[in-house]
> 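To start, I am sharing the structure in question, which I have written as structure tokens.
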Amino acid sequence: MPELPEVETVATGLHRRVAGDVIESIWLGDKPQTFKSKPAEIAATVEGTLISAVRRVGKHIVVDLEAPGAKSEVRQWIVHLGMTGRFLVVDPAVELAKHTHAIARLKSGRELRFVDPRRFGKLAVVREGAGFAGPGSEPLTITREDFIQLFRRRKSPIKAALLNQKLLHGVGNIYADEALFRAGIRPKRHAGKLTRDELTRLHKELVKVLRAAIKAGGTTVSDYVDSAGESGLFQFRLRAYGRTGEPCLRCKTPIKRIVVGGRSTHYCPKCQG
DNA sequence: AGGTTGACCTGGACGC
DNA sequence: TGCGTCCAGGTCAACC
């Protein structure tokens, strides 16, 4: 899936295209695993509302909704894409993709469809603005000092800590590897043993790589597409992720693949000390 | 309590 | 062509 840059791309694309539209009705499929809130509650929350905004929080897409005559009431449709989820705006004439789990019919005549083969994605609704995101900071806005403090006394490998959504929101396997490569830090290093200089570098490189990936419309490895069905472009600029055995772009040493925290991890054994 | 592992799913790539 | 195995961008619950 979709990590922060991909979710950001989908959310901003949806915002541009459907903000101001009205959800007239919604159809929900029969795979219970997809629905974190009860289907009846999802329908009751979204039907008849105006989409006031679509934005990203961590790896979640938040659709802000306004019920007629109740502008101040909090209503949100929360979509998590899991690994293979797609959230698309399409013409109703477009053939239904296999594994379509939700279809919202919009007043403009278009449809908002949620498609997810592996079913790790989730749909939910929130009614009182009670945080669904939990603890953790946004990597694009956290200060350098707070970033450094996050990893104090952590014994897990820095790679695993970067993926821990209770610490940072939105970093996944691709960008964790990329940030560590660019900062020259070995993924297995204990987070708590990194120096201030190393963490400063990591913070800077993480922000840089996330921003560059957003600009490129995200990374498409296999499934990811934006809200219009378009692939991203950042896969052509990856330096470590998925480059097992290929020469390091800095020193030509073959990139190594290991497993850290159960996730496949790519790094340069020479540049990342 | 913090850290690690396996389970949840489908489908594509690869080897025989 | 067909079957088996492995792998995949995420998250939890269950264990140590």
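Bear in mind that the values here come from a model prediction, so they are computed numbers and not experimental data. Only heavy atoms go into these numbers, but all of them, side chains included; no hydrogens, no water, no symmetry mates. Chain naming here is simple, since letters A, B, ... match the order of the sequence lines and numbering starts at 1 in each.
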> When A:V209 is tested against each of A:R239, A:R237, A:R182 for side-chain contact (heavy atoms from CB on, under 4.5 Å), which residue passes?
A:R182

> Are any protein N/O atoms closer than 3.5 Å to N/O atoms in nucleotides 1-5 of chain B? If there are, list each pair with its distance.
from: B:dG3; atom 1: OP1; to: A:K155; atom 2: N; distance (Å): 2.7
from: B:dG3; atom 1: OP1; to: A:S156; atom 2: N; distance (Å): 3.4
from: B:dG3; atom 1: OP2; to: A:R154; atom 2: NH1; distance (Å): 2.5

> For Watson-Crick and G-U wobble pairs within 3.5 Å on both distances, what is DNA chain C written in dot-bracket notation, | included for inter-strand pairing?
.|||||||.|||||||

> At 4.0 Å (heavy atoms only), tell me whether A:S264 reaches a base, stays on the sugar-phosphate, or touches nothing.
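It contacts sugar-phosphate atoms only.
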
> Who passes side chain to side chain contact (heavy atoms under 4.5 Å, CB included) against A:F35, sequence neighbours left out?
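In terms of side chain to side chain contact (heavy atoms under 4.5 Å, CB included), with neighbours along the sequence ignored, A:F35 is linked to A:L28, A:P39, A:I42, A:L123.
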
> Respond yes when some side-chain nitrogen or oxygen of A:K122 is under 4.0 Å from OP1 or OP2 of C:dT11, and no when none is.
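Result: no.
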
> Could I get a table of every N or O pair under 3.5 Å where one atom is in the protein and the other is in nucleotides 14-16 of chain C?
none

> May I have the distance from A:H80 (atom NE2) to C:dG10 (atom P), rounded to whole angstrom?
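Computing the A:H80:NE2 to C:dG10:P distance gives 8 Å.
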
> What pairs with A:D226 under salt bridge (Lys or Arg N to Asp or Glu O under 4.0 Å), at least two apart in sequence or on another chain?
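With sequence neighbours excluded, A:D226 shows a salt bridge (Lys or Arg N to Asp or Glu O under 4.0 Å) to no residue whatsoever.
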
> Picking from A:L112, A:V62, A:V126, what satisfies side-chain contact (heavy atoms from CB on, under 4.5 Å) with A:W77?
A:L112

> Output one letter per nucleotide in nucleotides 8-13 of chain B: B when a protein non-hydrogen atom lies under 4.0 Å from the base, S when only the sugar-phosphate is that close, - when neither is.
BBBS--

> With a 4.0 Å cut-off on N to O distance, would you call A:K38 and A:E41 a salt bridge?
no

> Please measure how far the P atom in B:dG11 lies from the corresponding atom in C:dC12, and state the result in whole Å.
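Going atom to atom, P in each nucleotide, I get 24 Å.
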
> Tell me whether the guanidinium CZ or amine NZ of A:R250 lies under 6.0 angstrom from the six-membered ring centre of A:F181 and within 45° of its axis.
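Positive - A:R250 is close enough to the ring of A:F181 and near enough to its axis.
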
> Between A:R56 and A:E138, does any side-chain N to carboxylate O distance fall below 4.0 Å?
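Salt bridge present between A:R56 and A:E138.
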
